[in-house]
Number of protein chains: 2
Amino acid sequence: MRATIRDVAREAGVSIATVSRVMRESDGVRAATRERVLDAARTLEFVPSHLGRQLAERRHAANGIVFPDLSGPYYAEVVLGYESVAGELGRSVLILSTRGRDDAEAAVEAMAERCDGLVILGRTVSNRTVERLAARGANIVLVARPPVGGVDSVTARNRGSARALTEHLLDLGARRLVFVGDPSTSPDVGERLRGVREALVPRSEVVIHHVDHLDEQAGARLVGDYLTRALPDAFVCANDELALGMLRRLRAAGVDIPGRVMVTGWDDVMAAEYAGLTTVRQPMRDLGATAARLLDELISGARAHPRHEVLPTELVIRSTTLGKDTP
Amino acid sequence: MRATIRDVAREAGVSIATVSRVMRESDGVRAATRERVLDAARTLEFVPSHLGRQLAERRHAANGIVFPDLSGPYYAEVVLGYESVAGELGRSVLILSTRGRDDAEAAVEAMAERCDGLVILGRTVSNRTVERLAARGANIVLVARPPVGGVDSVTARNRGSARALTEHLLDLGARRLVFVGDPSTSPDVGERLRGVREALVPRSEVVIHHVDHLDEQAGARLVGDYLTRALPDAFVCANDELALGMLRRLRAAGVDIPGRVMVTGWDDVMAAEYAGLTTVRQPMRDLGATAARLLDELISGARAHPRHEVLPTELVIRSTTLGKDTP
DNA sequence: CCGGTTCGTGTAACCGGTTACACGAACCGG
DNA sequence: CCGGTTCGTGTAACCGGTTACACGAACCGG
């Protein structure tokens, strides 16, 4: 059995209050007493129980982060950025992936009971759940998700970079664009589409090709639809994975890229560089780090009004739009 | 202030024991009483505190996972596999990344105090720390790390696939091989090198090119050393990232791959496919899932003797060794 | 009808810490 | 030397649950 604060108190011949004071490094303990307690703690290999401490202090010293998935590099990087700042702030990090869970909402609510605060990424739980949690007093920061009521949020600039990306395509002569991705699957995607539209008006129109999953399979699959009929001037994909899937099929079919069709992605994942994919780089790690800081402000009560941070993104031009492609 | 079990007891006109019984769904409570309690709980929006419950039950219902990083796809996938099984088993998941921490050992020890068990990946903490934790009674499963004393472990088959990979190169006529990576940085890498050597004997020898970091930058950097002198027949890289970094530089320099030099990686990350990289696929998600199951057995005390699982890996042959490269 | 069993619930101790308040001893200034 | 302050420590309540044990009521078989 592990030693408790009472064992140490007995061993050192003091009260538990004094042991607690020494372990918490609060002052007002005589040096000689402190030494006796520390000796006793060492002898008994005493390590204060987090549970006991947390219950007494009524805090968890832990934050949670909820994400749809970790397979793509996007969320992994956000989580990393988050973890590293949370670690600096002395907080443990609980994770919860909603992929393949049918009880996601319940799992998030359960998690909220174990944390001082929660970061929620993308489309994981409904706004209703977010609002209920917030109403119950939970500290919440949303990432890559539009603001809800008085809840903090961190997003990356979507519209502006989508506009820049589209203007880049227009400058290269593209007129008929196909936007690949469903704006309803993610608010980020919706914003990107809006940016595309803003740049096009009044020069052209964009066609939307809806896909349910933004992954490579979906990208590869939809190429078939275009090989039999006319290709557009450019495919503007909602993320890199879609674009990479399309690229693979297009190249396999011998389509000249960017000569016959240009392709763009979003995120700048590692594979994008090898595929020569023009894309928009997101400050993924920064999103996580910023969320961790906002959450800490909320928990420590340092701030009253909600904040909505928007981080910059960067257009990365590669061979799928400019110059000769290397298929 | 949130309602506690005592508030509900008062509201329902019963004792806290009865409330506890109803909330824990243990039987032996009359239906009418149960209803009264549930009504009261609903009225007061009572949610039992995890802390109180955990303290009383002396368990955390949470497991930790310690990894060096989450940037590459390798660890992210392992963590995902782990999280999904842990979730099914009703356990929360705490994460800890040791990258860029100078207090990694202390952080892991602190984490052990907050969990019922710990999964430790790769080179994160020393064997001494693992042994100390194990001696203190912590439940531990090691992943991608050689077994320590009586501690459980899960690894992927390294040696056999390294042998198969090397034989593939030999069959293609390669004789002078350079192994890129430091076998001392990771036990997995050491095993891979051993597999390579087994296949070579007595046909040839391998030269080891030591690198400190197994990332793209390191790969790209070391190519310079070879462009001025003779290239070997094949670079056998300790992981995909190294190989991808080398590939990029080699292709930029106009080196014919695989004609003049073959390149292989390890892991089969997403970018490997786009780069046409021959590599070895690891069952990353399975590593995590298996670790979660072993850990659960340990925690529930279902097993006495340590287990050491070895999961299969698969040689994936692409254009950097076979056929015409598409640079 | 009566004594033993079963059922349903309450009492109180416990998990392992923190901390407000009390209190005696030492100290201090006039 | 004496009364007020400061210092160091202890007592006991508290955080919010679980559960062993006790106990009265209902039930049951002979």
Side-chain angles (χ1 to χ4, degrees), chain A residues 1-41 44-62 90 92 110 112-116 136-137, chain B residues 1-41 44-62 90 92 110 112-116 136-137:
Chain A
M1 219 49 189
R2 281 182 32 176
T4 74
I5 197 170
R6 282 160 237 267
D7 299 325
V8 177
R10 197 178 318 117
E11 173 84 12
V14 298
S15 75
I16 57 168
T18 300
V19 177
S20 177
R21 288 185 191 108
V22 172
M23 298 316 288
R24 296 174 45 73
E25 302 184 0
S26 59
D27 43 340
V29 178
R30 201 153 37 131
T33 313
R34 174 187 309 278
E35 281 312 310
R36 275 221 313 289
V37 170
L38 288 177
D39 278 352
L44 300 175
E45 293 184 329
F46 172 63
V47 183
S49 150
H50 273 98
L51 284 180
R53 182 172 283 185
Q54 285 159 24
L55 183 58
E57 291 180 346
R58 297 151 101 183
R59 58 182 224 121
H60 299 266
S92 298
E113 297 299 316
R114 312 191 53 150
C115 301
D116 300 317
R136 206 190 283 165
Chain B
M1 218 49 190
R2 281 181 31 175
T4 72
I5 197 171
R6 282 160 236 267
D7 299 326
V8 177
R10 197 178 318 115
E11 173 85 11
V14 298
S15 75
I16 57 168
T18 299
V19 177
S20 177
R21 288 185 193 108
V22 171
M23 298 315 289
R24 295 174 47 71
E25 302 184 359
S26 58
D27 42 339
V29 178
R30 203 152 36 131
T33 313
R34 175 187 309 279
E35 281 314 310
R36 275 222 313 289
V37 171
L38 289 176
D39 277 352
L44 299 174
E45 293 185 331
F46 172 62
V47 182
S49 149
H50 273 98
L51 284 179
R53 182 172 282 185
Q54 286 158 24
L55 184 57
E57 293 181 344
R58 294 151 104 184
R59 57 181 226 122
H60 298 266
S92 298
E113 298 299 318
R114 310 191 55 151
C115 302
D116 300 317
R136 205 190 284 164

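Atoms considered below: every heavy atom in the structure, side chains included; atoms not considered: hydrogens, waters and symmetry mates. Here the structure is a predicted model, which is why all the values come from computation and not from measurement.
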Among [options], which nucleotide sits nearest the side chain of [X]?
{"X": "A/A17", "options": "D/dT19, C/dG17, D/dG10", "value": "D/dG10"}
{"X": "A/S49", "options": "C/dG10, D/dA12, C/dG16", "value": "C/dG16"}
{"X": "A/A56", "options": "C/dT9, C/dG17, D/dT18", "value": "C/dG17"}
{"X": "A/R58", "options": "D/dT19, C/dG17, D/dC15", "value": "D/dC15"}

Ignoring backbone atoms, test whether [X] places a side-chain nitrogen or oxygen under 4.0 Å from the OP1 or OP2 oxygen of [N].
{"X": "A/S15", "N": "D/dT9", "result": "no"}
{"X": "A/R24", "N": "C/dT19", "result": "yes"}
{"X": "A/T18", "N": "D/dT9", "result": "no"}
{"X": "B/R30", "N": "C/dT9", "result": "yes"}

Rounded distance (Å) that lies between atom [atom2] of [N] and atom [atom1] of [X]:
{"X": "A/R6", "N": "D/dA13", "atom1": "CZ", "atom2": "P", "value": "13 Å"}
{"X": "A/H50", "N": "C/dG17", "atom1": "NE2", "atom2": "C1'", "value": "12 Å"}
{"X": "A/L51", "N": "D/dC14", "atom1": "CG", "atom2": "C1'", "value": "17 Å"}
{"X": "A/I16", "N": "C/dG16", "atom1": "CD1", "atom2": "P", "value": "12 Å"}
{"X": "A/D27", "N": "D/dG8", "atom1": "CG", "atom2": "P", "value": "9 Å"}
{"X": "B/E25", "N": "D/dT19", "atom1": "CD", "atom2": "P", "value": "14 Å"}
{"X": "B/R10", "N": "D/dG17", "atom1": "CZ", "atom2": "P", "value": "13 Å"}
{"X": "B/L55", "N": "C/dC15", "atom1": "CG", "atom2": "C1'", "value": "4 Å"}

To the nearest 0.5 angstrom, please state how far the [atom1] atom of [X] sits from the [atom2] atom of [Y].
{"X": "B/R24", "Y": "B/E57", "atom1": "CZ", "atom2": "CD", "answer": "5.0 Å"}
{"X": "B/R114", "Y": "A/R114", "atom1": "CZ", "atom2": "CZ", "answer": "9.5 Å"}
{"X": "A/R53", "Y": "A/S20", "atom1": "CZ", "atom2": "OG", "answer": "7.0 Å"}
{"X": "A/R2", "Y": "A/E45", "atom1": "CZ", "atom2": "CD", "answer": "10.0 Å"}
{"X": "B/R21", "Y": "B/I16", "atom1": "CZ", "atom2": "CD1", "answer": "10.0 Å"}

Check: At under 4.0 Å between heavy atoms, what does A/V19 touch on the DNA or RNA strands: base, sugar-phosphate, or nothing?
Finding: nothing
Next item on the list: Look at all strands and tell whether A/V47 reaches a base, only sugar-phosphate, or nothing, counting heavy atoms closer than 4.0 Å.
Entry: sugar-phosphate
Notebook entry, point to check: Can you give the dot-bracket line for DNA chain D, where a pair is Watson-Crick or G-U wobble with both atom distances under 3.5 Å, crossing pairs use [ ], and | marks a partner on another strand?
Noted result: ||||||||||||||||||||||||||||||
Check: Closer to the 5' end of DNA chain C via nearest nucleotide, is it A/I5 or A/R21?
Finding: A/I5
Note to self: Taking A/D116's backbone N and O only, do any of them form a donor-acceptor pair with A/H60's side chain (distance below 3.5 Å, no angle check)?
What the structure shows: no
Checklist line | Identified side-chain contact (heavy atoms from CB on, under 4.5 Å) counterpart of A/L44 within the set A/V8, A/T4, A/D39 | finding: A/V8
Margin query: Restricting to non-hydrogen atoms, name the atom on B/A40 and the atom on B/E11 that form the minimum distance, rounded to 0.1 Å.
Written below: CB-CG, 3.4 Å
Check: For the base of C/dG16, is there a side-chain donor-acceptor partner from A/R53 under 3.5 Å away?
Finding: no
